[in-house]
Protein chains: 2
Amino acid sequence: MPGAPSHSTNRTAAIADALRNAIIERAISPGTRLPEDLIGKQFGVSRTIVRAAIAQLVSEGLVDQRPNRSATVIKPSWEDANDTFDLRIAVEDLVVSRLAGTLTPDQVQVLRDHVELEEQARKAGDEPKSIRLAGEFHSLLAEMTDSPILIRYMRELASRCCLILSLFSRPHSSDCAVAEHRELIDLLESNDVEIARRAMNHHLSAVVNRALIKPAAKKPDSIADILAIYAPTAGDA
Amino acid sequence: MPGAPSHSTNRTAAIADALRNAIIERAISPGTRLPEDLIGKQFGVSRTIVRAAIAQLVSEGLVDQRPNRSATVIKPSWEDANDTFDLRIAVEDLVVSRLAGTLTPDQVQVLRDHVELEEQARKAGDEPKSIRLAGEFHSLLAEMTDSPILIRYMRELASRCCLILSLFSRPHSSDCAVAEHRELIDLLESNDVEIARRAMNHHLSAVVNRALIKPAAKKPDSIADILAIYAPTAGDA
DNA sequence: TGGGATTTGTTCGTATGTATT
DNA sequence: GAATACATACGAACAAATCCC
């Protein structure tokens with residue numbers, strides 16, 4: 001359950017977690033509206049709670065909200081996807097820099113155990129779970145830095161990257177992740193920060209390249225986009 | 001007004017902005033409690049609004065909140081300060097990479113005008129304003145990337161960095177920032193991404209080094225900290 | 001240790017604004 | 001184009017937890 005401060009206020013956090021998981025695993029598709037009282041009835045809580053939970057998800061960047069309109073699940077554009085991954089690569093580089101050569105044997109074991117879970121999910125063919133676990137591996141790394149700020153940002157970015165992968169990736173695109181994660185652990189155990197950083201960078205770039213193939217033709221998904229193409233001037237309003 | 005989505009819901013955003021500015025300029029000191037009722041009366045709104053505003057600030061990392069306790073202004077530790085700046089350096093590196101050689105003359109002018117304001121504030125000896133404007137310079141850069149995600153994270157980090165600088169920096173520590181900002185603009189105008197990146201990195205490192213001198217002796221600021229030193233075992237509970 | 005004052009957690013009713021037929 | 005249905009915005013009040021004396 002990445003992104004969820006478990007020490008959180010109230011039922012609010014539970015609702016937020018539920019919605020977050022549903023969003024990340026794409027059980028709720030991007031663009032779907034999230035009316036407060038519908039969700040409230042579904043979970044048996046009042047609108048107030050739902051309101052707070054949605055506010056939380058908005059702050060994590062998983063949900064869009066505009067005045068007097070229903071909140072909706074974000075619908076990342078291809079550019080958003082790339083920006084998010086670029087940011088994640090930068091943050092993760094920081095994480096690796098701190099971690100390389102400082103991991104305790106216990107921590108290494110935790111990581112290896114987690115990768116074991118990833119392998120099982122992959123073998124079972126559970127794609128959404130694979131993606132989620134792969135994301136959690138990186139959250140786990142961030143947690144080992146013991147830096148609240150790095151942890152928070154990494155969780156947030158990992159959540160969004162999960163959603164993006166669910167959205168854009170083709171089947172089996174995470175097949176190789178397990179081997180790469182194992183290699184990363186090996187490198188983190190060593191003292192060579194630079195090699196570990198390069199490996200992580202390479203790993204994430206590979207994930208992006210496997211998943212985020214730029215669509216051959218831009219497919220506009222709204223009337224406005226279509227009209228924009230035929231507009232006499234390239235105005236944007 | 002960095003960090004403030006101006007298209008925001010309601011008065012909520014206005015309250016959040018007011019509190020944010022007060023926090024950043026250290027008009028409200030770190031650790032200060034923020035009772036919903038009191039703030040509501042102060043601004044003439046109900047607790048609901050205040051609640052939402054505080055939630056927003058919590059999500060930006062400027063305010064701490066724990067169940068059944070008053071929200072408080074964050075009190076960044078020296079480690080937090082360093083983590084935040086490290087993260088900022090990473091994000092800003094990304095911003096510069098995108099920006100170098102792509103700025104339009106108009107954008108360059110906007111930046112130069114802003115630096116002019118910085119210089120005026122510096123000459124007027126208005127330290128908090130100087131710090132705030134220096135932060136806004138970097139938010140401005142982020143906005144020119146046209147990437148909503150980069151913009152959001154940069155604003156958030158800039159806010160926190162402002163608070164940290166207000167907290168830890170000694171007088172006149174931002175004296176040289178103006179010249180460095182001018183140099184950055186020159187480099188961004190050129191096409192050499194690598195040189196611009198190095199310059200930004202150097203600039204931010206310089207800011208950190210000027211401001212975040214590690215305190216010679218750790219000065220504990222709570223009874224708990226003091227007692228911890230004398231505790232028979234190094235227990236943390 | 002205990003009790004009262006303060007503050008948050010939560011619900012629900014009403015008002016206001018948006019979308020749709 | 002207007003009326004209706006629907007969803008959010010906001011506020012007042014009650015219950016529960018915490019803090020302070």
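None of these values were measured; they are calculated from a predicted model.
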Open item on the list: For the backbone of B:S166 and the side chain of B:R26, can you confirm whether one donor and one acceptor N or O come within less than 3.5 Å of each other?
Closed with: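 Flag set: sc B:R26 to bb B:S166 pair under 3.5 Å.
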
- [ ] For B:D80 and B:S77, indicate whether the former's side chain and the latter's backbone hold a donor-acceptor pair under 3.5 Å.
- [x] yes

So which protein nitrogen or oxygen atoms get under 3.5 Å of nucleotides 16-18 of chain D's nitrogens or oxygens?
none

Specify the separation, in whole Å, of atom [atom1] of [X] and atom [atom2] of [N].
{"X": "A:L34", "N": "D:dA7", "atom1": "CG", "atom2": "C1'", "value": "13 Å"}
{"X": "A:D37", "N": "D:dC6", "atom1": "CG", "atom2": "P", "value": "10 Å"}
{"X": "A:I54", "N": "D:dA7", "atom1": "CD1", "atom2": "P", "value": "12 Å"}
{"X": "B:Q65", "N": "C:dT7", "atom1": "CD", "atom2": "C1'", "value": "12 Å"}
{"X": "A:D64", "N": "D:dA7", "atom1": "CG", "atom2": "P", "value": "19 Å"}
{"X": "A:K41", "N": "D:dA7", "atom1": "NZ", "atom2": "C1'", "value": "11 Å"}
{"X": "B:E36", "N": "C:dT6", "atom1": "CD", "atom2": "C1'", "value": "12 Å"}
{"X": "A:R66", "N": "D:dA9", "atom1": "CZ", "atom2": "P", "value": "13 Å"}

- [ ] Measure the acute angle between the ring planes of A:H138 and A:H181, then classify it against the limits of 30° and 60° as parallel, tilted or perpendicular.
- [x] perpendicular

Spatial distance of atom [atom1] ([X]) from atom [atom2] ([Y]) [nearest 0.5 Å]:
{"X": "A:I39", "Y": "A:R33", "atom1": "CD1", "atom2": "CZ", "result": "10.5 Å"}
{"X": "B:E36", "Y": "B:K41", "atom1": "CD", "atom2": "NZ", "result": "12.0 Å"}
{"X": "A:L133", "Y": "A:E116", "atom1": "CG", "atom2": "CD", "result": "12.0 Å"}

Open item on the list: As a quick check of understanding, evaluate side chain to side chain contact (heavy atoms under 4.5 Å, CB included) for A:Y153 and B:L87, giving each step before the final call.
Closed with: CA-CA 9 Å; A:Y153 279 84; B:L87 209 46; 3.6 Å; yes

Distances under 3.5 Å only, N/O to N/O: pair up the protein atoms with those of nucleotides 13-15 of chain C.
unit_1	atom_1	unit_2	atom_2	d
C:dG13	O6	A:R47	NH2	2.7

- [ ] Among C:dC12, D:dA9, C:dT7, find the nucleotide with the atom closest to the side chain of B:S70.
- [x] C:dT7

Task: Carboxylate-amine/guanidinium proximity below 4.0 Å for B:R155 and B:E143 - done: yes

Open item on the list: Between A:R88 and A:D83 (salt bridge meaning N to carboxylate O under 4.0 Å), is one present in this structure?
Closed with: no

TODO: Give a yes/no on whether any side-chain N or O of A:R11 is located under 4.0 angstrom from OP1 or OP2 of C:dT10.
DONE: yes

Task: Contact nearer the 5' end of DNA chain D, comparing B:R33 with B:T48 - done: B:T48

